[in-house]
Amino acid sequence: MSVATDRDGLFLAAVRAIADDVAGPLADEVDRDARFPVETVDALRAQGLLSAFVPEELGGAGVSFDALATACFELGRRCGASAMVFAMHQIQVATIVRHLDDAPWFEGYLRELGEQQRLIASVTSEVGTGGDMARSIAAVTPAGDGRATFEKQAPTVSYGRYADDLLTTLRRSPEAEPGDQVCVLTRGEQHALEPTGTWDPLGMRGTCSPGNIVRAEFPVEQILPTGFAKVMNESMVPISHILWSHLWLGIASDAFARARAFVRAAARRKPGEPLPAAIRLSELMSELSLLRAEVSSGLREFVDASAEDRTRLSQMATILRFNNLKIAASEQTPRVCQAALGVCGIVGFKNDTPFSVGRHVRDSLSASLMVANERIHQTNATLLLIAKDV
Amino acid sequence: MNDEIRTIIREHARLSVDVDSLSDDADLYQAGMTSHASVNLMLALEDGFDIEFPDSMLKRSVFESVAAIAAALGELRRAAA
């Protein structure tokens with residue numbers, strides 16, 4: 001076994017154990033109380049998994065991107081909200097790892113992230129931009145002495161209260177155009193969050209994502225050297241779409257597993273009798289396999305493009321590809337979960353049976369809303385005018 | 001060629017400043033060109049110069065300045081010659 005596969009194997013074994021022993025047993029409580037899955041995050045910290053994707057030379061485990069995606073799937077099978085927190089943190093880590101351009105401050109930060117297992121949340125959405133992550137209103141504002149400040153109104157900040165640090169998108173300066181953006185990493189003591197709303201949503205309740213006004217003051221070294229337009233196309237957007245779709249596949253796969261367990265139990269109760277639910281289960285399986293195929297081919301194409309020439313990820317045809325992954329997976333996941341509910345019937349509809357899939361259905365409904373599919377279709381519609389081979 | 005490019009930019013890139021106030025190397029995105037406007041600019045360039053940008057050229061960096069666009073058009077013309 002090579003060092004790399006060994007590393008990935010150890011990482012995934014640790015993730016699976018946490019998914020089965022911690023995240024899964026608490027999933028219903030986290031969902032019911034809309035509370036942060038603190039035990040799961042503590043367990044991830046204790047095993048050093050928050051720095052899994054940080055390269056070894058910067059103090060991390062240096063696991064592969066494939067392993068990271070599989071980890072999101074594994075957690076998603078047990079607790080969608082825990083998986084989403086894990087995925088969002090890893091998206092920020094991967095973004096920094098891929099774009100730090102040898103900046104000493106960010107190298108030092110990644111070492112600290114490994115030592116202290118710091119959790120990063122992101123502040124990308126903003127009130128007034130119509131859901132367009134590629135535009136900012138809030139700006140990095142020079143404050144003298146190599147320091148700067150910002151104030152940003154965010155409609156959602158997932159697990160912001162529980163994060164150690166924040167990665168925030170902002171205009172480069174008060175004079176910069178809305179599309180001229182940078183990312184800023186601020187540490188807990190450098191920013192303050194003022195909640196602007198409550199958190200009682202339909203699904204993904206454990207992500208604890210109310211709106212906030214974020215205010216910060218920080219040294220300018222904490223601005224990521226690479227501009228956000230490049231960061232967004234080469235990393236943040238495709239990585240988000242891949243890690244999200246893996247955890248959605250995890251949610252859908254568990255819904256399927258519950259439907260299958262239900263049909264098997266029914267078959268055992270009345271051996272030999274016709275079982276209409278078994279046919280519906282077969283239909284459900286083919287829906288799940290479509291989802292699985294799209295998710296795994298998306299991962300493959302991203303890993304290949306990253307290895308070959310990362311700038312290919314900036315090409316419009318490639319942007320369309322990963323936008324389509326998000327749209328397809330976010331629409332197919334609730335379809336699968338709802339079909340699982342159809343198989344299980346009333347025992348699936350009840351929240352307290354081994355065949356309950358209500359949480360899966362509700363969690364899956366967030367998929368088409370987090371970065372609204374409508375907004376992505378708008379982008380695609382424009383890109384389709386010019387892209388050639390899509 | 002740069003004058004023709006500038007004429008097309010003026011009509012389609014929807015900059016927040018006059019294109020003639022910018023140098024050939026100035027970043028058009030920093031001058032206010034949105035992704036949406038950049039696609040309209042690409043379509044107009046294809047039309048104006050009677051060329052087609054292949055997918056490998058359809059990325060932000062290729063259209064970020066007058067000079068970058070001129071280089072891309074030059075490359076396409078050389079390839080066609």
Side-chain angles (χ1 to χ4, degrees), chain A residues 129-137 139-140 171-182 226-238 301 305 308-323 375-390, chain B residues 5 8-23 25-69 71-73 75-77 79-80:
Chain A
T129 58
D132 183 359
M133 218 169 71
R135 287 192 299 144
S136 285
I137 297 166
V140 172
R171 281 186 299 138
R172 187 182 298 275
S173 70
E175 298 77 37
E177 293 291 334
D180 185 9
Q181 297 165 289
V182 291
T226 315
F228 185 63
K230 187 174 167 72
V231 167
M232 181 172 65
N233 288 333
E234 289 184 15
S235 298
M236 197 180 268
V237 169
E301 286 169 50
E308 192 182 303
D309 170 16
R310 200 197 280 172
T311 63
R312 211 174 88 204
L313 294 164
S314 292
Q315 293 175 14
M316 292 179 167
T318 316
I319 293 171
L320 281 165
R321 166 57 191 114
F322 294 110
N323 281 351
R375 152 65 54 191
I376 299 177
H377 275 304
Q378 268 176 28
T379 302
N380 284 1
T382 304
L383 298 183
L384 273 170
L385 296 175
I386 188 82
K388 306 296 182 304
D389 186 16
V390 298
Chain B
I5 294 171
I8 294 175
I9 289 174
R10 184 175 295 108
E11 282 168 21
H12 297 280
R14 303 176 74 175
L15 304 182
S16 54
V17 294
D18 189 279
V19 65
D20 287 338
S21 71
L22 299 174
S23 72
D25 292 320
D27 189 314
L28 298 173
Y29 295 97
Q30 287 185 5
M33 181 166 72
T34 63
S35 311
H36 187 80
S38 75
V39 170
N40 289 330
L41 171 64
M42 292 167 202
L43 288 167
L45 288 165
E46 286 193 344
D47 205 34
F49 288 90
D50 194 26
I51 43 102
E52 277 209 353
F53 294 109
D55 280 319
S56 60
M57 281 188 174
L58 290 172
K59 55 190 177 192
R60 192 181 165 97
S61 55
V62 172
F63 299 90
E64 70 189 2
S65 66
V66 173
I69 292 169
L73 290 173
E75 198 180 315
L76 285 176
R77 285 186 164 176

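By convention in this document, chain letters (A, B, ...) are assigned in the order of the sequence lines, proteins followed by strands, and residues within each chain are numbered from 1.
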Test A:Lys388 against B:Glu46 for salt bridge (Lys or Arg N to Asp or Glu O under 4.0 Å), laying out the working first. CA-CA 13 Å; A:Lys388 306 296 182 304; B:Glu46 286 193 344; 2.8 Å; yes
Please report the C-alpha distance between B:Lys59 and A:Asn233 in whole Å, then the side-chain angles of each, then the deciding distance to 0.1 Å, and finally whether the side-chain contact (heavy atoms from CB on, under 4.5 Å) criterion is met. CA-CA 10 Å; B:Lys59 55 190 177 192; A:Asn233 288 333; over 6 Å; no
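Within 6.0 Å of CZ in A:Arg172 there are more than 12 heavy atoms belonging to other residues, nucleotides or ligands. For B:Asp18, the CG atom sits in a packed shell: over 12 heavy atoms of surrounding residues, nucleotides or ligands are nearer than 6.0 Å.
Taking A:Ala387, A:Gly227, A:Ala134 one by one and counting their heavy-atom pairs under 4.5 Å with chain B, the maximum is reached by A:Ala387. Interface summary for chain A: among B:Leu43, B:Asn40, B:Val62, B:Asp27, the most heavy-atom pairs under 4.5 angstrom belong to B:Leu43.
Taking CG from B:Leu58 and OG1 from A:Thr318, the interatomic distance works out to 10.0 Å, rounded to the nearest 0.5 Å. Rounding to the nearest 0.5 Å gives a distance of 10.0 Å between CG of A:Asp309 and OG of B:Ser56. Note that the CE atom of B:Met33 and the CD atom of A:Glu177 stand 11.5 Å from one another [nearest 0.5 Å]. Atom CE of residue A:Met316 and atom CZ of residue B:Arg60 lie 9.5 Å apart, to the nearest 0.5 angstrom. For the atom pair CD1 of A:Ile386 and CD of B:Glu52, the computed distance is 8.0 Å after rounding to the nearest 0.5 Å.
No part of B:Ser61 comes within reach of chain A, as not one of its non-hydrogen atoms sits under 4.5 angstrom from that chain. Residue contact with chain B, scored on non-hydrogen atoms closer than 4.5 Å, involves the backbone and the side chain of A:Thr311 alike.
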